[in-house]
Engineer: 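Here it is: the structure, laid out below.
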Amino acid sequence: MILSIQNVVKRYDKHTAVDHVSFEVPRGSVFGLLGPNGAGKTSLIRMITTITAPDEGAILLDGRRLDERSPEQIGYMPEERGLYKKMKVGEHLLYLAQLKGLPEAEARKAIGHWLDKFEIQSWWNKKIEELSKGMQQKIQFIATIVHKPRLLILDEPFTGLDPINTNLIKDEIAQLNAEGTSIIFSTHRMEQVEEMCDHIVLINQGKNVLYGEVQDIKNQYKQHLYRVEIAGDWPADFAERFQLASRQNGTATVQFSDEQESNNVLQYLVGKGVHVRSFNEILPTFNEIFIRRVAETGQTAPISEA
Amino acid sequence: MNKIWLIVKREYLTRVRSRAFLLGTLLTPLAFGAFFLIQALMIGYKGGEKQHIVVLDEGGFLTKGIPDEQGVQFTKAAPGQTLETLKQAVRDKQYDGVLKLPALSSTAVKKQTIYFFSDDRLSPDVNNLIERRVAARIRDYKIAASGLDPKALENLETEVSLDPEPIDKPDDAGNALTSGVAVGISFFLGIIMYMVVLIYGSIVMRSVMEEKTNRIVEVIMSSVKPFQLMLGKIIGSAGVGTTQMIIWAILNALIFIAVQSFMGIDAAASSTAGLPEGASAIDPNDANAMFAQIMEEVGKQNWWYIIISSILFFIGGYFLYASMFAAIGSAVGDDMGEGQSLTFPIMIPIILAFIIMTSVVMRSPNSSLSVFASIFPLFSPIVMPGRLAFDPPWWQVALSIILLFATAILFVWIAGRIYRVGILMYGKKVTFKEIGRWMFYR
């Protein structure tokens, strides 16, 4: 485990932002940290990045409690990110890299490498304020990873990026992950979670309400829905024999109470001489799981502002 | 420690290289220079218009006449002329006005009214001039009329000067000049401290606010502790301020020399142009002697003591107030107006200290208020340097420094607690009550 959150509590005045949250981020995973606005994600990230400290519980990075050397192993790109507008790109990156503990010579080399990689070597002497927003995002990304962190925390990393740059950053993230960097990825964009994450935790009202491997969660939340597509007409008693969620021309969605039942449909259709074109299980999207879980926990969880 | 140094370096370099710094640093002394120049010209300005006044001397005071002064020329009315004929002369533009001096009812009169006839208004300067001159003439007239000996009267005047002499303290034979010089040094040190605290403090505050509105602060704080960031900014800004002060000192000296040489040429030019005697300068030899004496007094001060203590008060005072400004800057973010209302409570002790320094300490440096204010840590950075030239007891200075540093450390710590929370707080109007609660967050 690269990161272990153990029963962490964070309170502000009477408001409990993080309420006894526990989860673990496996080494080398892409871990989704999800939750609606104000759920406590930022409070949690700020504790992991040592910006604040938990009121209760412990946070272990690579098996050790966080200390003043921990920030050097973490790269953090906050959702609200800025740069010093009057500084030049090169000196700005150098400054941030040195704050992360890189010696100057090493920092120069690493920055040069990344500017080369993004083909923006000529930017070294440009002022930040001369760059477009998308360009600044690239600089922020470089600043986040230049010190080769073992844990990368990205909060909505793609907002404001065009599709080309989004893919560029996505590829870099994938490559860093392949090289062994563990990544915590915080977002509202569920399609990105499905695309990129292997593990997730869902936080709502300061509490951990869903946690596990993406595939497991999907299976757990599936409603045994299957989509059947045929050529020709449906057998006359099809609608009576099976519970249909919907039917439209040659496509029907069938719901089962039991996994085994799915074969019955196929047997029935084949027996009737129907030509089946496709037969798929419909897994819930993360969007649905997210909304469902948030709605459930939102109602049952006590309002934490007591 | 290394990280604080990085922050200090960045803060210093980016600020010193900015256009705002360059403009501020160069233009301020120019503005000062222009101010001095204009002031010098104003002092030299002797009221361009000339006035010709005819005097109807019914009381017979003007045995000697009144000398022309400030462009005002007095002419005694010829015998036989009446007020009416003189008024007509004014209408005919021969004169600008008629001054009527009625006779005294007796030599014991304490109040006498004189009259000026003109449709033009008299300037306050000329009004005062006439009253002073006529009063002097009436005095001469009364002396003569009472049959007194002017010489004997003059002998009644005695100029007294007080020379303080120590009883047990060795050497240090001061005189009236000593306390004058001390007042000068006090005022100078006090005013520098006041400016330093105010200017540097607001530099720190603006810099913190800028970082917060920039939204870079969260990135920085994932690398360094908020306390390190705050301390780095405070120290870096001190460097910026010191640099600016040094440049100002040099530029101001240059401008002062330039203005003086300009004035010198001006004076020489106008004296050859034959300006009337009015501006009777002090004898240059006297002035030189006076200057040498002052320099000697200045030299007698225990400068090492004053400079080292002042630097200590400067450091303590700066950290004390700059940390408070940093805390406020972190709490307000981008709303300048809100910043102003929150800085007000910090400004009050600074301004109070300045008032105490200028109005109390310089007049009675050993009064109980002076002693209290020079030891009370919120006032001492401004008040004690103002007292140093008056040689306060050493234990008061030591106590003041110790208290100041203890308070400064406490304030930096408190500011760090506030800063840490405030700098990440967005879109919320903060109150002092809330700021107080932040101190207890983990």
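The sequence lines fix the lettering, A, B, ..., with proteins before strands; numbering per chain opens at 1.
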Engineer: Which heavy-atom pair separates N208(A) from S22(A) by the least distance, and what is that distance?
Structural biologist: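 That closest heavy-atom pairing would be ND2-O, 2.8 Å.
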Engineer: I'd like to know which of S223(B), S18(B), P226(B) tops the heavy-atom pair count under 4.5 Å against chain A.
Structural biologist: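 Highest number of heavy-atom pairs under 4.5 Å: S223(B).
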Engineer: According to side chain to side chain donor-acceptor pair (under 3.5 Å), who are the partners of T242(B), at least two apart in sequence or on a separate chain?
Structural biologist: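 T242(B) satisfies side chain to side chain donor-acceptor pair (under 3.5 Å) with no residue once adjacent residues are dropped.
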Engineer: For V219(B), is it the side chain, the backbone, both, or neither that has a heavy atom closer than 4.5 Å to a heavy atom of chain A?
Structural biologist: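 Backbone plus side chain of V219(B), per the 4.5 Å heavy-atom cut-off to chain A.
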Engineer: Could you give the distance from OH (Y12(B)) to NZ (K233(B)), rounded to the nearest 0.5 Å?
Structural biologist: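 Taking OH in Y12(B) and NZ in K233(B), the distance rounds to 15.5 Å.
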Engineer: Could you tell me which portion of S70(A) (side chain, backbone, both or neither) has an atom closer than 4.5 angstrom to a non-hydrogen atom of chain B?
Structural biologist: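 Interface part for S70(A): neither.
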Engineer: Can you tell me which portion of L424(B) sits under 4.5 Å from chain A's heavy atoms? Options are side chain, backbone, both or neither.
Structural biologist: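 For L424(B), heavy atoms of backbone and side chain both lie under 4.5 Å from chain A.
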Engineer: Who passes salt bridge (Lys or Arg N to Asp or Glu O under 4.0 Å) against E104(A), sequence neighbours left out?
Structural biologist: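 For E104(A) the salt bridge (Lys or Arg N to Asp or Glu O under 4.0 Å) partners, ignoring immediate neighbours, are R108(A).
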Engineer: Side chain, backbone, both or neither: which part of K225(B) has a non-hydrogen atom closer than 4.5 Å to chain A?
Structural biologist: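 Side chain only.
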Engineer: Where does I74(A) contact chain B at under 4.5 Å (heavy atoms): side chain, backbone, both or neither?
Structural biologist: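 Nothing of I74(A), per the 4.5 Å heavy-atom cut-off to chain B.
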Engineer: Could you list which of residues 120-138 of chain A have a heavy atom closer than 4.5 Å to any heavy atom of chain B, in residue-number order?
Structural biologist: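 No residue falls under the 4.5 Å cut-off.
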Engineer: Do you know which two heavy atoms are closest between K100(A) and S222(B), and how far apart they sit?
Structural biologist: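 Taking K100(A) first and S222(B) second, the nearest heavy atoms are NZ-O, 3.0 Å.
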Engineer: P54(A) and I59(A): which non-hydrogen atoms are nearest, and at how many Å?
Structural biologist: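 Looking at all heavy atoms of both residues, the shortest contact is CG-CD1, 4.3 Å.
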Engineer: Between E218(B), K9(B), R10(B), which shows the greatest number of heavy-atom pairs under 4.5 Å with chain A?
Structural biologist: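 Of the options given, most contacts go to R10(B).
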Engineer: Sub-4.5 Å heavy-atom contacts with chain B: which residues of residues 25-40 of chain A show up?
Structural biologist: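 Checking residues 25-40 of chain A against chain B gives no residue, so none.
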Engineer: Considering the options V8(A), N7(A), V9(A), which one meets the side chain to side chain contact (heavy atoms under 4.5 Å, CB included) requirement together with E56(A)?
Structural biologist: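 Among the candidates, only V9(A) passes.
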Engineer: So, does S237(B) use its side chain to make a donor-acceptor pair with the main chain of I234(B) at under 3.5 Å?
Structural biologist: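 No, because the side chain of S237(B) does not come within donor-acceptor range (under 3.5 Å) of the backbone of I234(B).
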Engineer: Return the CG to CD1 distance between L378(B) and I348(B), rounded to the nearest 0.5 Å.
Structural biologist: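 Spacing of CG (L378(B)) from CD1 (I348(B)) equals 11.5 Å.
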Engineer: When you compare the side chain of M205(B) with that of L342(B), does any pair of heavy atoms fall below 4.5 Å?
Structural biologist: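 SC-SC contact between L342(B) and M205(B) ruled out.
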Engineer: Can you spot which of T166(A), N165(A), D171(A) makes a side chain to side chain contact (heavy atoms under 4.5 Å, CB included) with L168(A)?
Structural biologist: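 That would be N165(A); it is the only one of T166(A), N165(A), D171(A) passing the side chain to side chain contact (heavy atoms under 4.5 Å, CB included) with L168(A).
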Engineer: Side chain from CB out, backbone as N, CA, C, O: work out which of these in E91(A) comes under 4.5 Å of a heavy atom of chain B, or both, or neither.
Structural biologist: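 Looking at E91(A), just its side chain touches chain B.
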Engineer: Checking T14(B) against chain A: side chain, backbone, both or neither under 4.5 Å from a heavy atom?
Structural biologist: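 Looking at T14(B), just its side chain touches chain A.
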Engineer: Of I153(A), I48(A), L152(A), which is the lone residue that meets side chain to side chain contact (heavy atoms under 4.5 Å, CB included) with Y76(A)?
Structural biologist: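 The residue from I153(A), I48(A), L152(A) that satisfies side chain to side chain contact (heavy atoms under 4.5 Å, CB included) with Y76(A) turns out to be I153(A).
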Engineer: Any chance you could measure L26(B), atom CG, to W248(B), atom CH2, to the nearest 0.5 Å?
Structural biologist: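 L26(B) atom CG to W248(B) atom CH2 measures 10.5 Å (nearest 0.5 Å).
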Engineer: Parallel, tilted or perpendicular: which one describes the rings of W114(A) and F141(A), with boundaries at 30° and 60°?
Structural biologist: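 Perpendicular.
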